[in-house]
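See structure below.
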Amino acid sequence: MSHSITGLGSITPWSEYAEPNTGTSGGQGGFSGVLKNALSEVNQLSTGADAQIGSLMQGGAVDMNGVMVAVEKADVAFQLMMQVRNKIVSAYQDIEKMQF
């Protein structure tokens, strides 16, 4: 029994985020919109994996391979988000050290 490996289809391509910020408060454009959407997607992957684990633990009719794939997707997405966070913090610290 083999399963095909599929990509992380839920990650939105960058080109969809490239719209400029309209300057209105609460807009979804720009860098903050990209971060909000990415965090939301990571949260959805984590929530989905948690739900599948819960169903598996309660004896539900859940495919073990599907649960493992969902957990790995959530883990990879979280690790990616942590690397992005680290880069943002590093960039902030570099800017903070600049002298004008």
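Excluded from the calculations below are hydrogen atoms, water molecules and symmetry mates; all remaining heavy atoms, backbone and side chain alike, are included.
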*Would a hydrophobic clustering, with Ile, Leu, Val, Met, Phe, Trp and Tyr connected at side-chain separations under 4.5 Å, put Met64 with Val69?*
no

_Same cluster (ILVMFWY, side-chain, under 4.5 Å), Val62 and Met57_ = yes

*Tell me the side-chain hydrogen bond (donor to acceptor under 3.5 Å, both in side chains) pairs involving residues 83-96, sequence neighbours left out?*
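Sorted result for residues 83-96: empty, none.
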
*Listed partners of Gln79 passing side chain to side chain donor-acceptor pair (under 3.5 Å), at least two apart*: Asp75

_Holding to side chain to side chain donor-acceptor pair (under 3.5 Å), I want the full list of residues that pass it with Asn43, two or more places apart in sequence or in another chain._
none

*Of all residues at least two apart in sequence or in a different chain, which pass the side chain to side chain contact (heavy atoms under 4.5 Å, CB included) check with Leu39?*
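Checked Leu39 against side chain to side chain contact (heavy atoms under 4.5 Å, CB included); matches are Met81.
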
*Can you name the residues that form a side chain to side chain contact (heavy atoms under 4.5 Å, CB included) with Val71, not counting sequence neighbours?*
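Testing Val71 for side chain to side chain contact (heavy atoms under 4.5 Å, CB included), a comparison that skips the adjacent residues, returns Ala49, Ile53, Val67.
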
_Quick check: closest heavy atoms across Gly66 and Gln52, and the distance to 0.1 Å?_
O-OE1, 3.3 Å

*Looking only at heavy atoms, which two atoms of Ala74 and Leu45 are closest? And how far apart?*
CB-O, 3.8 Å

*Got more than 12 heavy atoms from elsewhere within 6.0 Å of CE, Met68?*
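Not buried by this count: 12 neighbours or fewer within 6.0 Å.
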
